[in-house]
Every structure is written in structure tokens, then in C-alpha cells.
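Reviewing the structure listed below.
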Amino acid sequence: MTPKHEKQEFVTVLVRDPRTQKEDSWHSYIDYEIFIHTNSMCFTRKTSCVRRRFREFVWLRQRLQSNAVLIQLPELPSKTPFFNMNNPHHVDHRRQGLQEFLEKILQNALLLSDSRLHLFLQTQLSPEDMEACVCGQTKYSVADAIQKFASLNRRFPIEDEERKKGRNDADSDSESSSSGLGPSDDSISCGCKASLASEES
């Protein structure tokens, strides 16, 4: 018999709020907010919010596939030369495809065990810094990076009071970043060099 206090685990992911970001005076790109809400024990934070661009999704899929060669990963929305960031239909179609990709990824227990996925979803580290962190080449662990990002981007101070009262319910754990975060830099990178120029476009 299942105790009443035990709840079925869930992971809710939303890809939303596409925004155009200027890379330099000639180039722009679109990034998307990824919102996670979960009660799963797999996640360090139960609620988080980061911004990622398409090529970071490409990086994530490649790394997940290389670590889980026997699993057929879902496809990302196709990268077409006809994509127009000024066309709301194109942008929303890609947003939907990115959300479907993450929804399928988060249903796979093996993929959920990959630290890169958690850093991608719950920190603003660049791909280079995520890789360095997973490989043990940083002063901080994966859990440290996620906790540090959450503490720097707090929206709900009342949660501290709830924790002091001894509440550990997953629904009360709602750390989040501001939706105006930049694309890849993060203060928890501890000076690690990040050069997205070497990443695939």
C-alpha cells in the first residue's frame, strides 16, 4: 500500500518567450526560456528557468547521443536556411520543436542521469564550461553550479522562510532566474574561458 504522502514523480518543461539577442553589430540570434518544474529526485532544484539558443540544443543532443549510443534520441527541429527570425510562425514552430525534444529527453531515465542535461537546464553555463564541469576540470561540482545559479537568481525570498519552518515539500522549492538573462556567460564559471566561436552554428 502506497503511503498518502508519496506523490507520483513529474517533470514539467516549457520552452517559451523567444527573444532576439544581438551577438555583435552584424549578427543576431534567438534564445528561448526553458522553465522546469518537478518533484523528481533526479533534479537538484525543483524549479528553474534559464535561456538557451538553438546551437546549445544542438550541442546537448550531440553530447547526450555520444554518451548513450544505444538510444535513438529525438530529433531537433530541422535547421533550415529559410528560417527567418522575424517570422513569428518560424520562431514558434522551432520553439514547439525544442519543447517536444526536451519532453522526450526527460522521459528517459538513462538520459536523466547525464550531468550535462542538468547543467543545460538549470544553469546558464556555456557548453565549454558545462563540459569542463562534467569532466572535473572546474573548482565547482555539478550540484555546486546549479545551487550557485539558483542563489544568484532568486525570485521568491519567501522560500527561505518556508525552509526555516522545516517545509521540504517540492512545491515550495521555486528558484528561478530572471527572464532577461544573457545567452551564455554566468558568474559561476569562476573565470573559465568560454568561446562559443568554436561551437557549431
Side-chain angles (χ1 to χ4, degrees), residues 9-24 26-40 42-66 68 71-108 111-112 114-131 146 149-150 153 155-156 174-186 194 196-197 199-201:
E9 285 195 354
F10 69 88
V11 181
T12 301
V13 59
L14 297 174
V15 178
R16 60 192 186 185
D17 189 27
R19 293 186 181 183
T20 302
Q21 310 285 358
K22 284 195 76 72
E23 195 162 23
D24 54 42
W26 296 101
H27 301 95
S28 297
Y29 63 91
I30 292 179
D31 66 6
Y32 303 83
E33 183 180 81
I34 304 171
F35 173 77
I36 295 285
H37 179 58
T38 182
N39 65 354
S40 171
C42 297
F43 285 82
T44 303
R45 307 301 303 175
K46 303 310 177 191
T47 305
S48 61
C49 194
V50 299
R51 298 195 70 85
R52 294 289 181 190
R53 60 188 296 183
F54 184 79
R55 75 178 182 189
E56 292 174 309
F57 280 87
V58 173
W59 171 86
L60 175 68
R61 188 183 186 281
Q62 290 174 342
R63 294 305 183 271
L64 292 176
Q65 187 67 81
S66 67
I71 295 176
Q72 183 59 48
L73 265 68
E75 295 296 329
L76 288 166
S78 58
K79 187 169 185 180
T80 168
F82 304 109
F83 179 81
N84 180 354
M85 68 172 57
N86 296 315
N87 183 323
H89 175 72
H90 287 187
V91 173
D92 193 60
H93 180 73
R94 178 173 282 185
R95 181 201 62 74
Q96 289 175 357
L98 295 174
Q99 177 160 325
E100 289 168 9
F101 168 76
L102 288 179
E103 286 171 346
K104 291 173 183 174
I105 290 292
L106 292 170
Q107 291 171 12
N108 187 297
L111 299 177
L112 268 176
D114 194 309
S115 296
R116 291 172 187 82
L117 177 62
H118 293 271
L119 289 170
F120 178 87
L121 293 172
Q122 298 202 298
T123 76
Q124 207 62 54
L125 289 176
S126 69
E128 291 85 354
D129 285 345
M130 286 188 273
E131 197 65 46
I146 292 170
F149 177 74
N153 295 283
R155 271 189 188 163
F156 307 108
S174 303
E175 300 289 347
S176 178
S177 74
S178 94
S179 55
L181 284 173
S184 298
D185 296 331
D186 189 87
L196 283 176
E199 283 298 314
E200 48 276 6
S201 296

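Each residue takes its place number in the sequence, starting with 1. Side chains included, hydrogens not; waters and symmetry mates left out as well; all remaining heavy atoms used. All values derive from a computational prediction rather than experimental measurement.
- Counting heavy atoms from C-beta on, the side chains of Gln122 and Phe149 never come closer than 4.5 Å.
- For the atom pair CZ of Phe83 and CZ of Arg94, the computed distance is 4.0 Å after rounding to the nearest 0.5 Å.
- Using a 4.5 Å heavy-atom cutoff, the side chains of Leu98 and Leu76 are in contact.
- The backbone N or O of Lys46 sits nowhere less than 3.5 Å from a side-chain atom of Thr38 that would complete a donor-acceptor pair.
- The cationic atom of Arg61 (NZ for Lys, CZ for Arg) does not lie both less than 6.0 Å from the six-membered ring centre of Phe101 and within 45° of the ring axis.
- Rounding to the nearest 0.5 angstrom, the gap separating the CG atom in Leu112 from the OG atom in Ser40 is 6.0 Å.
- Atom CZ of Phe120 and atom CG of Leu102 lie 6.0 Å apart (nearest 0.5 Å).
- You'll find the side chain of Leu60 stays beyond 4.5 Å of the side chain of Glu56, heavy atoms only.
- With values rounded to the nearest 0.5 angstrom, Ser28 atom OG is found 8.5 Å from Asn86 atom CG.
- With Asp31 as the fixed residue, the side chain to side chain donor-acceptor pair (under 3.5 Å) test singles out one of Arg19, Arg51, Arg53: Arg51.
- In plain terms, the two heavy atoms of Gly97 and Pro77 that are nearest each other are C-CD, 3.7 Å.
- Thr47 and His37 make their closest contact through OG1-ND1, 3.1 Å (heavy atoms, listed as atom of the first residue, atom of the second, distance).
- Checked against side-chain contact (heavy atoms from CB on, under 4.5 Å), Glu100 has the following partners two or more places apart in sequence or in another chain: Glu103.
- The closest donor-acceptor contact from the side chain of His118 to the backbone of Thr123 lies at 3.5 Å or more, if one exists at all.
- Side-chain atoms of Leu106 and Leu117, non-hydrogen and from C-beta on, do get closer than 4.5 Å to each other.
- Contacts classified as salt bridge (charged side-chain N to carboxylate O under 4.0 Å, His left out) and involving residues 116-125 (residues at least two apart or in different chains) are given here: Asp114-Arg116, Arg116-Glu131.
- Counting heavy atoms from C-beta on, the side chains of Gln99 and Leu14 come closer than 4.5 Å.
- Listed by chain and residue number, Glu23, Asp24 satisfy the side-chain contact (heavy atoms from CB on, under 4.5 Å) test with His27 (two or more places apart in sequence, or in another chain).
- The line from CG of Leu73 to NZ of Lys104 is 11.0 Å long, rounded to the nearest 0.5 Å.
- The side chain to side chain donor-acceptor pair (under 3.5 Å) test applied to Asp92 returns Arg95, Gln96, not counting sequence neighbours.
- Residues passing the side-chain contact (heavy atoms from CB on, under 4.5 Å) test with Gln107, sequence neighbours excluded: none.
- Taking the ring centre of Phe35 as origin, the terminal cationic atom of Arg16 falls inside the region bounded by 6.0 Å and 45° from the ring axis.
- Aromatic pair Tyr32/Phe54: ring centres not closer than 6.0 Å.
- His93 pairs by the side-chain contact (heavy atoms from CB on, under 4.5 Å) definition with nothing, not counting sequence neighbours.
- The CG atom of Leu64 lies 5.5 Å from the CG atom of Leu111; values are rounded to the nearest 0.5 Å.
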